[in-house]
Every structure is written in C-alpha cells, then in structure tokens.
Amino acid sequence: MQVFRKIESLQMALHLLPKTASVGFVPTMGALHEGHISLIKKSKEIATRTIVSIFVNPTQFDKAEDLENYPITIQSDLRKLQEAGCDYIFIPDVKEMYGDDVASVSYDFKELDKVMEGAHRHGHFEGVATIVLKLFEVVQPNYAFFGEKDFQQLQIIRHLVKDHDLSLEIIGVPIFREDDGLAMSSRNARLTVLHRKEAPFIFKTLQKAKRIFGTKSVKETMDWVYDQFERHPHLDLEYFSIAEEESLQPAKPEANKKDVKKKYRAFIAVYAGKIRLIDNIALY
Ligand code: PAF
C-alpha cells in the first residue's frame, strides 16, 4: 500500500499502471468504519486497483463546530486500509486541494439539492461537488463508490458526472448497519451511551413506516412517523420525507404504493443529542 500527500506524486504512480488496469476510487473523510470497508470491498471486486482518499473537506460543513469536531483517526484508518488491501491512499491537506481559495463552486443540480439535506445544510452539496470533482480530476478513476446512506449525495454526484460528461461509472453501495440496525456513520462514535442505545429506533421506525406504506398513503405514513418521534424522549426528528428515488422530489400526500411506476424512498434526519444522524429505506 502506498500513501501519497501530493497530487503530483500520486499521479506519477498512477501513470505507471499498466494500460489494462482499472481504477476504483473511494473518497472518504476518514474515521473509517465497516461501511467504508464495504465500499472498498466492492471496488476490489470490480477494479484491479483501489484508491482511497482521506480528506476532511472544509467547504461542505455548514457549521464551523461540526468541522472542528470531525474525528481525525489517520493511524487507525491506515491500519484498516492496509488490512482491506487498498493499493493507494491519498491524504492531501487543504492547500493541496484548494490552494489559497477555500471556496465552493456553484452548480446547477436542477431540483436535487432543494430538498432534505440540501434544504437543511446550506451550501453542503456545492462543497461536496467541488471536492468530488477536484478528486475525480486528480485520480481519473474508472469507477467511484459511494454509500447509499448519503443517498441524496449519491444522486447529486450521478447528476454531476452526467452533466460534466465524465467517463466514469458511479456505483452506489447499500447501507452497512450495526447489528441493531443503526446505519454505520463516523458520527456514531460521538453519541453518548444513552443516545447510542436509543439510536436504533430510527431504523426500526423506517422499517415500520415501510410496512405502513404498504397499505396507507404518504400523508398517513408521515403523520405516523412524526407522532412516533414526538413521543420519543431522547430523539428529535428534523425531517422525514417520502420522495421519488430518481428526482428526490417529495411524493404527493395522497400517493401510495399502488403507484407501481414510481420508486419511493423514505428519508430521515434525527438529532440524538447534538449528533445529527441520517438514514433512508427503499419503500418498494
Ligand atoms: O461522503 C463523504 O464522506 C464526503 O461527502 C465525500 C464524498 C468524501 C466528499 O468529501
């Protein structure tokens, strides 16, 4: 496994690859967990070389506090990456990626960024798109892997790749969960003991909402979910939305599962104390 901190040295190594090699890329912000490892495993199945980047991207944080508290665990990350059999690791600093201009570029995501995470985290997706495009430019991968936990991010990146006519394939990887159903996230490590115990309620509610949506409308399902969280003493619901999977636009209140032409998905964001957790589930 080779570790690079500079764009130039990474690119020199990549130029030495045989023409027949294919490159799978897993961009991360570090604090790696089993969810990241599942992306790496997928890359190793499909591509002949796997590159992982670790870069805590300042432009995608809407709150300075979140950026300051983001866990940095480079040594244990490197051990996990070695064990997972990665070929190249890229760990640039902010100057290497942004120079002196640490700012996002503006993009037209159509309506994809107007809802859910985009509506609640101002400028987040512009920051994500800015760094992901910079990283694609550096790495020039054949495939890039993103977790479905950040489903809106995945759809926005698919849109970007199409819009910029990039020749790489974006591969979405299913959410990796703890045994009790909690979606793996670097933020889970920051939960208090109490909130960690309560957090699996989020996925349990999504599963029940899926069952309810089997016979009831969008509005009835949403009312039920909001009611569940109103009664919960330790978790605060930020949003619950049922949206069409491709466009991410909210489903009509009267819509239901009988509309087989639409693929609906439920999305949720919840505060467990100070920690914001997101999750989603396919409803078809
Ligand atoms: O999903 C993440 O970890 C980040 O948003 C990403 C894609 C690495 C960009 O910083």
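Order of appearance sets the numbers: ligands from 1, and atoms from 1 within every ligand. Note that these values count all heavy atoms, side chains included, but never hydrogens, waters or copies made by symmetry. The model shown is predicted, which means the values in this text are computed figures rather than measured ones.
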**Asked** Under the salt bridge (Lys or Arg N to Asp or Glu O under 4.0 Å) rule, what pairs show up with a residue in residues 38-52, not counting sequence neighbours?
**Response** Lys42-Glu45
Could you pull out all donor-acceptor pairs under 3.5 Å where a side-chain atom in residues 133-140 meets a protein atom, sequence neighbours excluded?
| from | atom 1 | to | atom 2 | distance (Å) |
| --- | --- | --- | --- | --- |
| Lys134 | NZ | Met97 | O | 3.2 |
| Gln140 | NE2 | Glu137 | O | 3.0 |

**Request:** Just say parallel, tilted or perpendicular for the rings of Tyr143 and Phe145, cut-offs at 30° and 60°.
**Result:** tilted
**Prompt:** Any luck finding a side-chain donor-acceptor pair between Glu198 and His232 under 3.5 Å?
**Reply:** yes
**Fill in**
In terms of heavy-atom contacts, Ala21 and Asn142 come closest through O-OD1, 4.3 Å
Present, as a list of atom pairs with distances to 0.1 Å, all nitrogen or oxygen contacts under 3.5 Å between ligand 1 and the protein.
| from | atom 1 | to | atom 2 | distance (Å) |
| --- | --- | --- | --- | --- |
| ligand 1 | 1 (O) | Gln153 | NE2 | 2.9 |
| ligand 1 | 5 (O) | Gln60 | NE2 | 2.9 |
| ligand 1 | 5 (O) | Gln153 | OE1 | 2.8 |
| ligand 1 | 10 (O) | Gln60 | OE1 | 2.6 |

**Asked** With sequence neighbours excluded, what pairs up with Gln60 under the side-chain hydrogen bond (donor to acceptor under 3.5 Å, both in side chains) test?
**Response** Asn57
